[in-house]
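Reviewing the structure listed below.
Labels below follow one simple rule: chain letters A, B, ... track the order of the sequence lines, proteins then strands, and each chain is numbered from 1. No experiment lies behind these values; they were computed from the predicted model shown.
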2 protein chains.
Amino acid sequence: MKNNGASTVRQYPCERCPLQNYPHFQPHEKDEVEFLSGFKMGELVADVGTTVLGEGRSSAHLFTVLSGWAFRYKTLEDGRRQILNYVLPGDLIGLQGSLMKEMQHSVEALSPLVMCMFQRDKLPALFQSYPTIAYDITWLASREEQMLDEILLSVGRRSALERAAYLFAFIYQRAKSVGMVKNNTLMVPLRQQHVADTLGLSIVHTNKTLKKLAAKGALRWLDRGCEVIDHQILLDIAKWQGLPPAPRPYI
Amino acid sequence: MKNNGASTVRQYPCERCPLQNYPHFQPHEKDEVEFLSGFKMGELVADVGTTVLGEGRSSAHLFTVLSGWAFRYKTLEDGRRQILNYVLPGDLIGLQGSLMKEMQHSVEALSPLVMCMFQRDKLPALFQSYPTIAYDITWLASREEQMLDEILLSVGRRSALERAAYLFAFIYQRAKSVGMVKNNTLMVPLRQQHVADTLGLSIVHTNKTLKKLAAKGALRWLDRGCEVIDHQILLDIAKWQGLPPAPRPYI
DNA sequence: CAATTGATATGTCTTTGTTAAATGACAGAA
DNA sequence: TTCTGTCATTTAACAAAGACATATCAATTG
């Protein structure tokens, strides 16, 4: 994990990259990424707590996530924060900043993030040269919208307990689909403040709600995160069927 | 608005269509749209209350909206409903059903909807033949995600009054951008149940909240809808700067 | 060691939900 | 026209959920 100045640029294309079939941008110059605070060159690793993309900033790059956790969020003027979604391996971030003037949300790493990088300016050319990358990116954007729809339904219409159960069932299923679940359990590197800001609850109420979930045997809260124990209990409490299968047509 | 069996198929391409630069599908056979309940052929008009796209159904078509209002929503098993976003002229609906297996949300008309129609099966060919349509569709999907981010922040972290003010400020601004605002006022064809299901509140609380907004001179509630009077008051109450400009790069 | 951070616990207060009933507008029938 | 039924809105009274302030404790950090 250490990076003492030596740059060991990852070989592309990379199997875990959702856009593996298309040419990657290989950063050779430190300048090209150092505007991102906390960024390490070479392995393209962002440390825990790093703001990979910031609201209001224009983004010269898109990133695909190879490993690690992150979250997208927005804040109000007075500091109230809403976590919008979590970023897992296989996800694409920074598209908005590439298509619009600037990013309208921020992305922060929850664990060391390993990423691939694409240049914003090369996107139109990529679309031209590789028509199926357009399809893939559209697919990724559409899936993100689908997840947001679900989350909005949850925050708007589910009770605190249902919401919490939904959140961990949702994360569990997503993590499972990218091979992050071992022995049917999952370590989610969240603090209760993250959970609160995802569910739209206060941290105190979140704490009570998590205790209830733990009492039902659905999960166990640890020092720096939580461990999902029983996915089915979560699904039952949330009255949720799980994410529908979403096969990609052109990849 | 009447359609007595005579089909007067709209001429394409159409100036108001967000995908005006690309070839449209022209429906000649009634079969091609009659699976959509309440649909009229010829002008491609959906009446108020029509479910244009239904959750769980696969969608053989995409639609662009030329005029009228609609809303996207999801429901829980027990009937709780969350309105996700509103659909205005220039919007694209049904993309999810074209990329994924099936629609994960429903779309219902709030006023007679005039639409253009695209065949799902032709989308890959369109992406091949017109690389910029991919860019435009990606842009539309990204903008939808941006709006959902804002709405989620609102439902998760704003108070009831702030949320209501945000909702109407948001709708006002979107409607203004497509020329639906006359004399600085806007008629929004919503019932209070729609507002409640958008804000994640009960209908009773919604009613009280709307009365407060009306008392502050921000809007007036009428028989079957509401009229936005003062956009600035809404922005102030919601502590919101308004939607950022989002120029399209390739249209 | 002190200082900080995160989790837990409790009691009070505010916001929002639930239930029920009343009001008002409108459309169709008499 | 008047009557009547329906639907959306409004109001009221009470219950429940959740926020907030505060304190304690354990673990981490410096």
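- Within 4.0 Å of Lys211(A), counting heavy atoms only, lie sugar-phosphate atoms of the nucleic acid but no base atom.
- DNA chain D is contacted by both Ile203(B) and Lys208(B); Ile203(B) maps to the nucleotide lying nearer its 5′ end (nearest heavy atom per residue).
- When the nucleotides dG6(C), dT18(C), dA21(D) are ranked by their closest atom to the side chain of Arg191(A), dG6(C) comes out on top.
- Look at Gln192(B) and you'll find a side-chain N or O under 4.0 angstrom from OP1 or OP2 of dT10(D).
- Rounded to whole Å, atom P of dT10(D) lies 13 Å from atom CD of Gln193(B).
- Terminal axes of the helix from dC1(C)-dG30(D) to dA30(C)-dT1(D) (five pairs each, C1' rotation axis) are separated by 40°, to the nearest 10°.
- For Tyr172(A) and Phe168(A), the gap between ring centers reaches or exceeds 6.0 Å.
- Distance, Arg157(B) CZ to dG18(D) P: 13 Å, rounded to whole Å.
- For residues 163-171 of chain B, proximity to DNA chain D is found at no residue, defined as any non-hydrogen atom under 4.0 angstrom from a strand atom.
- Every residue was checked against the side chain to side chain donor-acceptor pair (under 3.5 Å) condition with Arg163(B), not counting sequence neighbours, and none meets it.
- Nearest nucleotide to the side chain of Asn207(A), out of dG18(D), dT16(C), dA7(C): dA7(C).
- For the pair Arg174(B) and Tyr86(B), the cation-pi criterion (under 6.0 Å, within 45° of the ring axis) is not fulfilled.
- For Leu201(A), the listed nucleotide lying nearest its side chain is dA19(D); candidates were dA19(D), dT10(D), dC20(D).
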